[in-house]
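Worksheet: the structure to be examined is printed underneath.
Start at 1 with the first residue, then count along the sequence. When a ligand or atom number is given, it counts from 1 through the structure's own listing order. Just so it is clear, the structure is predicted and the values come from calculations on it, not from any experiment.
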Amino acid sequence: MTKALLIIDYTNDFVAPTGALTAGAPAQAISARITQLAAQFYAAGDFVFLPTDVHTPGDPFHPETKLFPPHNVRGSWGRALYGELADWYTAHADEANVTLFDKTRYSSFAGTPLDLWLRERGVDDLHLVGVCTDICVLHTAVDAYNLNYPLTIHQDAVATFKPGGQEWALDHFKTVLNATIV
Ligand code: ZN
């Protein structure tokens, strides 16, 4: 099996106390575990991808403009990776096995080359971490399921702000998307 870790949207706007759409304390609490997993996958020669939301404020054509305040604006503090993961990424940004890329929708597959990159690398074991469990992690998992990728969700490295959302999404990953929950 060739493994890849997807670290979804672990940015200041989604995680930091003053982030524009922060998931708050639960998201901050998984910082060390996410960085540990990144280091672990990297050390094993596996792939680490960082799908990272990016937006243009007030974009009249983007559906999130009506749903959420501006967030993850390109070049802003809010779009920078949060906490120790930021330092880890800075140290590994030039490595071929480490890829941060733009996404503009909830799913990391929507409008991105992710499926092509995974196929080029022969990845057949996909691991998801990040935020929010019931939004961007969920939509990424649904697309991965439809593309036949076996899924593992690390429950100690995903978080959301919605009461009940974590439990609902973890159950959905397991019982509907056939994911392994670890
Ligand atoms: Zn967004």
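- D13 places a side-chain N or O within 3.5 Å of a backbone atom of A20 that can act as its donor or acceptor partner.
- The name of the N, O or S atom in E64 nearest to the Zn ion (ligand 1) is OE1.
- Within the coordination shell of the Zn ion (ligand 1), defined by N, O or S atoms under 2.8 Å, H55 is present.
- The aromatic ring centres of H55 and F68 sit 6.0 Å or more apart.
- At a threshold of 4.0 Å, the pair K162-D134 does not count as salt-bridged, since none of the basic side-chain nitrogens sits closer than that to a carboxylate oxygen.
- Panel note: side chain Y149, backbone D143; no donor-acceptor pair is recorded below 3.5 Å.
- Looking only at N/O/S atoms, H71 comes nearest to the Zn ion (ligand 1) through NE2.
- Backbone or side-chain N, O or S atoms of D53 reach the Zn ion (ligand 1) at under 2.8 Å.
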